[in-house]
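If you read the sequence from its start, that first residue is 1, and numbering goes on from there.
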Amino acid sequence: MNDQGTLLVDIRRPDEWTQTGVVEGALLITFEDAESFLKAVRPHLKTGQSVSLICRSGNRTSRAARQLAAAAPDLEFIDIGGGMLRVMREGYRPVRPE
């Protein structure tokens with residue numbers, strides 16, 4: 001998940017980040033709508049990077065990825081299926097959000 005070719009963004013709400021922790025190095029930006037999300041994310045993107053999206057279970061990232069792909073066809077969006085629940089089930093130990 002720390003691939004330099006992708007920017008990992010946790011799209012959950014701050015209270016959710018606190019409940020479960022986050023993936024170390026993830027950018028923490030709550031997804032409300034495509035326009036405001038893209039405005040917040042673009043300054044963090046390096047040329048050629050894709051955007052990986054993670055939420056609690058994968059439902060929000062699935063919807064967000066579709067909306068973002070339509071709003072920003074110049075970017076690649078990757079939905080991390082199963083979200084934090086899957087990642088933690090597979091043994092990842094999250095860190096406290098900063």
Under the 3.5 angstrom rule, does the side chain of [X] hit a backbone N or O of [Y] as a donor-acceptor pair?
| X | Y | answer |
| --- | --- | --- |
| Glu16 | Arg13 | yes |
| Gln67 | Ala64 | no |
| Thr6 | Ser50 | yes |
| Arg86 | Gly81 | yes |
| Ser62 | Asn59 | no |

For the hydrophobic clusters of this structure (ILVMFWY residues joined by side-chain heavy atoms under 4.5 Å, transitively), does one cluster hold both [X] and [Y]?
| X | Y | answer |
| --- | --- | --- |
| Leu28 | Phe31 | no |
| Val95 | Met88 | no |
| Val9 | Trp17 | no |
| Leu8 | Val22 | no |
| Ile29 | Leu7 | yes |

Asp74 and Arg42 ion-paired at < 4.0 Å: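 Yes, charged N to carboxylate O under 4.0 Å.
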
Would you mind checking if Lys39 and Glu35 are paired as a salt bridge, meaning a charged N to carboxylate O distance below 4.0 Å? no

For the residue pair Arg12 / Thr20, report whether a side-chain donor-acceptor contact shorter than 3.5 Å exists.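 Yes - a donor-acceptor pair under 3.5 Å links their side chains.
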
Under a plain distance cut-off of 3.5 Å, with no hydrogens placed, do Ser36 and Asp33 share a side-chain donor-acceptor pair? yes

Would you check, one step at a time, whether the test side chain to side chain contact (heavy atoms under 4.5 Å, CB included) holds for Ile11 with Ile54? CA-CA 6 Å; Ile11 69 168; Ile54 193 165; over 6 Å; no

Assess whether side chain to side chain contact (heavy atoms under 4.5 Å, CB included) is satisfied between Met84 and Val23, documenting all intermediate values. CA-CA 8 Å; Met84 284 297 289; Val23 174; 3.7 Å; yes

Identify the heavy atoms of Thr30 and Phe37 that sit nearest to each other, and give their distance. O-CD1, 4.2 Å

Please report the interatomic distance [atom1]([X]) to [atom2]([Y]), rounded to the nearest 0.5 Å.
| X | Y | atom1 | atom2 | answer |
| --- | --- | --- | --- | --- |
| Ser57 | Leu85 | OG | CG | 6.0 Å |
| Leu27 | Asp10 | CG | CG | 9.5 Å |
| Gln49 | His44 | CD | NE2 | 11.0 Å |

Heavy atoms of other groups near Arg56 CZ, more than 12 under 6.0 Å: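 No, because the 6.0 Å sphere around CZ of Arg56 holds 12 heavy atoms or fewer from other groups.
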
Could you walk me through whether Leu53 and Ile78 satisfy the side chain to side chain contact (heavy atoms under 4.5 Å, CB included) test, starting with their C-alpha distance in whole Å, then the side-chain angles of each, then the deciding distance to 0.1 Å, before giving a yes or no? CA-CA 6 Å; Leu53 305 171; Ile78 301 165; over 6 Å; no

Determine whether Leu75 and Leu68 satisfy the following criterion, side chain to side chain contact (heavy atoms under 4.5 Å, CB included), listing intermediate values before the conclusion. CA-CA 9 Å; Leu75 297 175; Leu68 291 164; over 6 Å; no

